[in-house]
Protein chains: 2
Amino acid sequence: MKMRQLEYFITIAEEGGFNRAANRLHVAQPSLSVQIKALEEEVGARLFERDKRNVFLTQAGKQFQQHARAILSLAETAKVEARCADAGDVAGRNFPHLVGG
Amino acid sequence: MKMRQLEYFITIAEEGGFNRAANRLHVAQPSLSVQIKALEEEVGARLFERDKRNVFLTQAGKQFQQHARAILSLAETAKVEARCADAGDVAGRNFPHLVGG
DNA sequence: AAATCTTACGGGTGACGTAACGATC
DNA sequence: GATCGTTACGTCACCCGTAAGATTT
């Protein structure tokens, strides 16, 4: 599982289609198709239901979406807090609301 | 930031050295050195303090370690829960304690 | 025929392993 | 001299974009 794949997955879910997501992500549709296919194989479950014209999240996809968002959000938090700690951890200890913790 | 880099980082922190971590991860030491360097640059803070013979976590590294573990743990949870949901979500709805929800 | 996702193929970037280097005990 | 982390370099896999295919409206 790769961060990039999670970003792709979330964008497709938000846009409701590979084409829109590709446009927003500035990549080609086939890249998304391949990466989502790889992600689904690793997860072991179908995340999108390719239904005729639009794509919908399966129940597994809905579950996965929340976790994927949490992972990416946590990754950003990790970077921010590490920088705060590096700068003497002043913000982290004295102003925790600035770093989410 | 990549999942692989987080795994490398955590293993080095646990083993207290690049050599031990490389042995456990079945990769060569230079790979770890390069990837950790890249991770530190992206984070914007020094995560390890290369002190003579052993490596120690900086304060930024300690902060980052907790988040890194949470991210990898969450990634595993995401896969497990997605599979549960795919299997009809019986466990997820009726036995949430089995899937952490 | 237009739009959408999927599969096949070639090129560029990145990760890895081996080898060489500097530093420490 | 032995051990550890870093840097340089060649090789290989992976990701991406283009092109072609299948399906639906």
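Chain A is the first sequence line, chain B the second, and so forth, proteins listed ahead of strands; every chain is numbered from 1. Keep in mind it's a predicted model, so treat the numbers as computed, not measured.
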Original post:
Quick one, which residues of residues 12-28 of chain A touch DNA chain C with a heavy atom under 4.0 Å?
Top reply: A:Gly17, A:Phe18, A:Asn19
Original post:
Where is the tightest heavy-atom contact between A:Ala68 and A:Leu6, given as atom of each residue plus distance?
Top reply: CB-CD2, 4.1 Å
Original post:
If two hydrophobic side chains count as joined below 4.5 Å and joins carry through other members, does B:Phe18 share a cluster with B:Leu39?
Top reply: yes
Polar-atom pairs under 3.5 Å, protein N or O versus N or O of nucleotides 21-23 of chain D: list them with distances, or write none.
none

Original post:
Among C:dC5, D:dT7, D:dC16, which nucleotide sits nearest the side chain of A:Ser31?
Top reply: D:dC16
Original post:
Who passes salt bridge (charged side-chain N to carboxylate O under 4.0 Å, His left out) against B:Lys2, sequence neighbours left out?
Top reply: none
Subject >> Residues forming a ring-ring contact (aromatic ring centres under 6.0 Å, His included) with B:Phe9, sequence neighbours excluded >> reply: B:Phe48, B:Phe64
Subject >> Distance (rounded to the nearest 0.5 Å) between A:Asn54 CG and A:Glu49 CD >> reply: 12.0 Å
**OP:** Apply side chain to side chain contact (heavy atoms under 4.5 Å, CB included) to A:Leu74 and list each qualifying residue two or more places apart in sequence or on a separate chain.
**Re:** B:His67, B:Ala70, B:Ile71
Original post:
Residues in side chain to side chain contact (heavy atoms under 4.5 Å, CB included) with B:Glu14, at least two apart?
Top reply: B:Ile10, B:Arg24, B:Arg69
List the atom pairs, with distances to 0.1 Å, where a side-chain N or O of residues 27-36 of chain B and a protein N or O form a donor-acceptor pair under 3.5 Å, not counting sequence neighbours.
| unit_1 | atom_1 | unit_2 | atom_2 | d |
| --- | --- | --- | --- | --- |
| B:Gln29 | NE2 | B:Asn19 | OD1 | 2.8 |
| B:Gln35 | OE1 | B:Gln5 | NE2 | 3.0 |

Original post:
Nearest-Å distance, CZ (A:Phe56) to C1' (C:dT4)?
Top reply: 13 Å
Subject >> Interatomic distance, B:Leu57 atom CG to B:Arg46 atom CZ [nearest 0.5 angstrom] >> reply: 13.0 Å
**OP:** In whole angstrom, give the distance that lies between atom CG of B:Asp51 and atom C1' of D:dC4.
**Re:** 13 Å
**OP:** For B:Phe48, report the nucleic acid contact type (base, sugar-phosphate, nothing); a contact means any heavy atom under 4.0 Å.
**Re:** nothing
**OP:** Would you please name every residue forming a side-chain hydrogen bond (donor to acceptor under 3.5 Å, both in side chains) with A:Arg50, sequence neighbours left out?
**Re:** A:Glu40
Original post:
Which nucleotides of nucleotides 19-25 of chain C have their base under 4.0 Å from a protein heavy atom (B), which only their sugar-phosphate (S), and which neither (-), written as one string 5' to 3'?
Top reply: B----SS
**OP:** Calculate the interatomic distance between A:Gln35 atom CD and D:dC14 atom C1'; express it in whole Å.
**Re:** 9 Å
Original post:
To the nearest Å, how far apart are A:Arg4 CZ and C:dG14 P?
Top reply: 10 Å
Original post:
Closer than 4.0 Å, any side-chain N/O of B:Lys2 to the OP1 or OP2 of C:dG14?
Top reply: no
Original post:
Separation of A:Gln29 atom CD from C:dT6 atom P, in whole Å?
Top reply: 11 Å
Original post:
Does A:Met3 share a hydrophobic cluster with A:Val80, counting links as ILVMFWY side-chain heavy atoms below 4.5 Å and allowing steps through other members?
Top reply: no
Subject >> Phosphate OP1/OP2 of C:dT6: any A:Arg50 side-chain N/O under 4.0 Å >> reply: yes
Subject >> Nucleotide C:dC5, atom C1' - distance to CD of A:Glu49 in whole Å >> reply: 14 Å
Original post:
Which whole-number value in Å describes the distance from B:Gln5 CD to C:dG14 C1'?
Top reply: 11 Å
**OP:** Kindly point out which of D:dC15, C:dA15, C:dT7 is positioned nearest to the side chain of A:Ser33?
**Re:** C:dT7
**OP:** Find the distance B:Met1:CE to C:dA15:P and express it as a whole number of Å.
**Re:** 14 Å
Original post:
So which heavy atom on B:Val43 is nearest to which on A:Ala82, and how close?
Top reply: CG1-CB, 3.5 Å
Subject >> Qualifying residues under side chain to side chain contact (heavy atoms under 4.5 Å, CB included), relative to B:Glu7, sequence neighbours excluded >> reply: B:Arg4, B:Leu72
**OP:** With a 4.0 Å heavy-atom cut-off, tell me which residues in residues 36-46 of chain A come close to DNA chain D, sorted by residue number.
**Re:** none
Subject >> Interatomic distance, B:Leu47 atom CG to B:Gln65 atom CD [nearest 0.5 angstrom] >> reply: 10.5 Å
